[in-house]
Each structure stands twice: as C-alpha cells, then as structure tokens.
Amino acid sequence: HAAEAQRTDLMTITRHVLNEQSKHPEAHGDFTILLNHIVLGCKFVCNAVQKAGLAKLLGLAGVTNVQGEAQKKLDVLANEVFVKALISSGRTCILASEENEEAIVVEPLKRGRYCVVFDPLDGSSNIDCSVSVGTIFGIFMAKDKENPTLDDVLQSGKNLLAAGYCLYGSSCMLVLSTGNGVNGFTLDPSIGEFILTHPDIKVPSKGKIYSTNEGNAKYWDEPTAKYVESCKFPKDGSLPKSLRYIGSMVADVHRTLLYGGIFLYPADKKSPNGKLRVLYEVLPMSYVMEQAGGQAFTGNQRALELLPTKIHDRSPIFLGSYDDIEEIKALYAATE
Ligand code: AHG
Ligand code: MN
Ligand code: MN
Ligand code: MN
C-alpha cells in the first residue's frame with residue numbers, strides 16, 4: 001500500500017471558517033476574528049481542565065453562582081477566560097454567561113457587532129471525578145453595536161448565526177455550525193490547532209440509545225413516562241434501547257450527534273421548565289442538532305422557536321435523531 005501520504009494540507013478551524021466566509025462577501029473577517037478568540041478560550045480551558053487535579057483547582061470555590069450552585073474553581077476560571085477573550089476580540093458588544101446574573105455590556109471602545117451567549121463550563125459537577133465537561137456557545141448579531149441592550153441577548157433561536165460546543169473529553173473536540181451543516185475539529189496539542197476530523201456531521205435518523213436522568217422518573221409527565229417506557233419495553237418487538245447518561249450535556253449531546261438516539265431533560269413536577277437553560281444550553285445544542293439533520297423539541301414547540309424572557313430561563317428539551325423525536329412529538333400531540 002502506498003504509505004499514508006503525510007498530511008500536509010491541514011484544514012484548521014481558522015482556515016475552514018475563512019473558506020466558509022468567502023461564501024459571504026459582505027463579511028469583513030469579524031466573524032473569523034471572533035471565532036478565533038472563542039477557540040483561544042477553548043484551548044485555555046482544555047489545558048486548565050486537564051491540569052485541574054494537579055493545580056488543586058478542584059473542590060468548591062466557596063461561592064455560589066446565580067443558579068444557586070456551589071461554584072467550582074474551574075467554573076470561575078473558565079468564565080473569566082471566556083469573558084476576557086470575547087471582550088479582547090473587539091467583535092462583541094454584549095455577552096450572557098451562565099455564571100453572571102446580568103448581561104455583560106462591553107466597554108464602548110471595544111464593541112463589535114456580535115452578541116455571544118455561553119456556558120463556560122458545562123457539567124461542572126463532574127469535574128472532581130474527572131468525567132468529561134465542556135463549553136457551549138451561541139452567536140447572535142446585535143441590532144446596534146453602539147447601543148447594546150438586553151434585546152440583543154434575549155433573541156429567538158431562529159436568529160442564531162452560529163453555535164457550537166467544545167468537549168473536554170478523551171480528546172478535545174470543537175463542534176461548530178455557522179448555518180451550513182456541522183463540522184468537528186479535534187485539538188492537536190502538539191501544534192495547538194483544531195484540525196477538521198469530522199466534516200459534515202449528520203446525526204443518524206434513528207438511534208438505539210436514550211439519554212436521561214432516570215432518577216427524575218417519579219416526577220415526569222405522562223408523555224415522557226410513556227416514551228421512556230417504550231424505550232425500555234418496545235411494543236413493536238424491537239430491541240430495548242440502551243441507556244447512556246453522563247450528566248454533562250455536552251458529552252451526552254455529542255454522543256447523540258455521532259451515534260444517534262435521543263437526549264432528554266424533560267419538565268417534571270419539581271422543575272416545570274426542566275433544568276437546562278434556554279440561551280446557552282438548549283438553543284445552541286438545538287441549532288447544532290438541526291444543522292446535522294436531527295430535531296430539537298421542547299414538549300410543545302420546536303426548540304429554536306423559543307424566545308427567552310430572562311437570561312437564565314429554562315426549558316424542557318428533547319433532541320437527537322429525527323425519527324426518535326417524531327415519536328416523542330406524537331406522544332405530546334396526543335395530550336393536546
Ligand atoms: P452546568 O454544569 O453548566 O450547570 O450544567 C449541568 C447540566 C448539564 O450539563 C447536564 O445535562 C445536567 O446539568 C445534568 O443534570 P442532572 O444532574 O440533574 O441530571
Ligand atoms: Mn452550573
Ligand atoms: Mn451547563
Ligand atoms: Mn456551566
């Protein structure tokens with residue numbers, strides 16, 4: 001066999017976005033600069049997560065965040081890294097982070113036309129036991145960069161220009177969509193570049209895995225309970241689905257994207273709006289899933305049609321393989 005040609009034509013994420021951008025002549029490189037700063041943040045957090053155990057970054061930071069969660073040091077560090085990277089890009093005018101109660105308005109001299117919503121460290125309860133965590137982000141256009149307002153943040157998922165996530169797992173993968181499908185880039189730590197390894201990701205139309213916290217089963221509503229029951233005891237003679245639940249949304253969604261199946265964090269009697277936050281968890285992940293040919297549903301509407309009224313609004317979410325979501329939609333439709 002001819003020896004595997006030495007890969008000399010490395011498609012880095014920056015080159016990939018520049019290629020994409022050439023399709024939008026009106027873009028002036030701002031988006032590429034913004035994305036490069038998000039990539040910088042991901043590289044930094046990837047490094048910090050891998051060294052957390054050694055750098056004693058584990059354990060509670062002794063403060064609680066707006067979600068009332070005990071903030072771990074890495075939550076705080078990751079948030080500071082992304083806020084600084086996004087502001088220094090000079091391409092944002094207002095930011096919303098899980099870790100900040102209010103939106104962050106960028107100082108006038110550093111303002112650009114984009115609004116970024118993000119979860120700097122997702123799955124942080126898994127940090128202390130070395131289970132995969134991630135970062136989630138979504139990018140909107142601001143209406144008037146000189147006068148950023150909360151309306152620039154509280155936008156419908158339909159307005160997303162781009163969204164993606166970085167998974168700090170056995171490898172560090174950045175998955176991104178700018179509206180023309182989904183691409184996966186793996187960090188090559190030896191050269192510090194994200195290389196295109198998963199071009200044009202498509203989620204399988206049906207899957208054999210369901211992913212949810214069964215510990216909430218006692219509180220589920222009937223359609224969710226019926227759906228999960230059908231995964232475990234199929235009536236059509238098919239094999240039961242496997243249960244895979246990591247407890248980090250980024251890891252559970254990434255597995256769903258590549259292997260197919262369904263991820264669900266439904267509403268329950270304790271949390272009528274579910275647990276996951278609309279702006280920086282539900283919308284970006286729904287955008288990616290749809291761009292990969294899957295679906296994202298809230299129990300009563302297409303997830304991307306959600307319009308948050310507050311930065312930390314929550315929503316139930318069912319996302320994944322197209323056909324699997326059709327089944328849950330039918331069960332909720334039957335209750336109308
Ligand atoms: P975060 O760490 O950013 O607060 O997010 C945690 C979320 C999400 O990552 C995951 O899907 C979900 O919490 C798990 O919730 P349960 O532990 O209730 O299953
Ligand atoms: Mn949190
Ligand atoms: Mn999260
Ligand atoms: Mn988080």
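Each ligand, and each atom within it, is numbered from 1 in the order the structure gives. All values derive from a computational prediction rather than experimental measurement.
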Subject >> Option set Glu214, Glu98, Met285, Lys275, criterion heavy-atom distance to atom 12 (C) of ligand 1, minimum >> reply: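 The option holding the nearest heavy atom is Lys275.
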
Give the atom numbers and elements of ligand 1 that come within less than 4.0 Å of a heavy atom of [X].
X      : answer
Gly123 : 1 (P), 2 (O), 3 (O), 5 (O), 6 (C), 9 (O)
Asn213 : 16 (P), 18 (O), 19 (O)
Gly247 : 9 (O), 10 (C), 12 (C), 14 (C)
Glu281 : 3 (O), 5 (O)
Arg277 : 1 (P), 3 (O), 4 (O), 5 (O)
Met249 : 8 (C), 9 (O), 10 (C), 11 (O)
Tyr245 : 14 (C), 15 (O), 16 (P), 19 (O)
Ser248 : 9 (O)

May I ask you to identify, for [X], whether its side chain, its backbone, both or neither come under 4.0 Å of ligand 1 on a heavy-atom basis?
X      : result
Glu99  : neither
Val133 : neither
Asp119 : side chain
Gln67  : neither

Using a distance-only test with no angle check, is there a side-chain donor-acceptor pair under 3.5 angstrom linking [X] and [Y]?
X      : Y      : result
Asp122 : Tyr165 : no
Glu98  : His312 : no
Ser211 : Arg255 : yes
Asp188 : Ser190 : yes
Ser315 : Asn273 : no

**OP:** Go through the structure and list residues passing ring pair (Phe, Tyr, Trp, His ring centres under 6.0 Å) with Phe140, not counting sequence neighbours.
**Re:**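 By the ring pair (Phe, Tyr, Trp, His ring centres under 6.0 Å) rule, Phe140 matches no residue at all.
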
**OP:** Could you list the residues that satisfy side-chain contact (heavy atoms from CB on, under 4.5 Å) with Ser177, not counting sequence neighbours?
**Re:**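 Checked Ser177 against side-chain contact (heavy atoms from CB on, under 4.5 Å); matches are Val182, Tyr287, Gln291.
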
Subject >> Non-neighbouring partners of Ser156 that pass side-chain contact (heavy atoms from CB on, under 4.5 Å), sequence neighbours left out >> reply: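 Ser156: side-chain contact (heavy atoms from CB on, under 4.5 Å) contacts with Lys158, Leu307.
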
Original post:
Would the number of heavy atoms belonging to other residues, nucleotides or ligands and lying under 6.0 Å from CZ of Arg244 be above 12?
Top reply: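 No, because the 6.0 Å sphere around CZ of Arg244 holds 12 heavy atoms or fewer from other groups.
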
Considering non-hydrogen atoms of the protein only, which is the closest contact for [atom], and what is the distance?
atom                    : result
atom 7 (C) of ligand 1  : Leu276 CD2, 3.8 Å
atom 9 (O) of ligand 1  : Asp122 OD1, 2.7 Å
atom 18 (O) of ligand 1 : Tyr265 OH, 2.6 Å

**OP:** Check if Asp75 has a non-hydrogen atom at a distance under 4.0 Å from any atom of ligand 1.
**Re:**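 No.
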
Can you tell me how far [atom2] of [Y] sits from [atom1] of [X], rounded to the nearest 0.5 angstrom?
X      : Y      : atom1 : atom2 : answer
Tyr114 : Asp152 : OH    : CG    : 13.5 Å
Thr224 : Asp268 : OG1   : CG    : 9.0 Å
Asp324 : Gln295 : CG    : CD    : 10.0 Å
Asp144 : Arg113 : CG    : CZ    : 13.0 Å

Subject >> Side chain proximity check, Leu258 to Ile201, heavy atoms < 4.5 angstrom >> reply: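 Side-chain contact under 4.5 Å: yes.
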
Original post:
Do the non-hydrogen side-chain atoms of Met11 and Ile195 ever get within less than 4.5 Å of each other?
Top reply: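 Met11 vs Ile195: side chains apart.
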
Subject >> Atoms named by residue and atom, protein N, O or S, within reach of the Mn ion (ligand 3) (under 2.8 Å) >> reply: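 Asp119 OD2, Asp122 OD1, Glu281 OE2, with waters left out.
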
**OP:** Kindly confirm or rule out an N or O of Phe263 lying under 3.5 angstrom from an N or O of ligand 1.
**Re:**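 No; the residue has no nitrogen or oxygen that sits under 3.5 Å from a nitrogen or oxygen of the ligand.
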
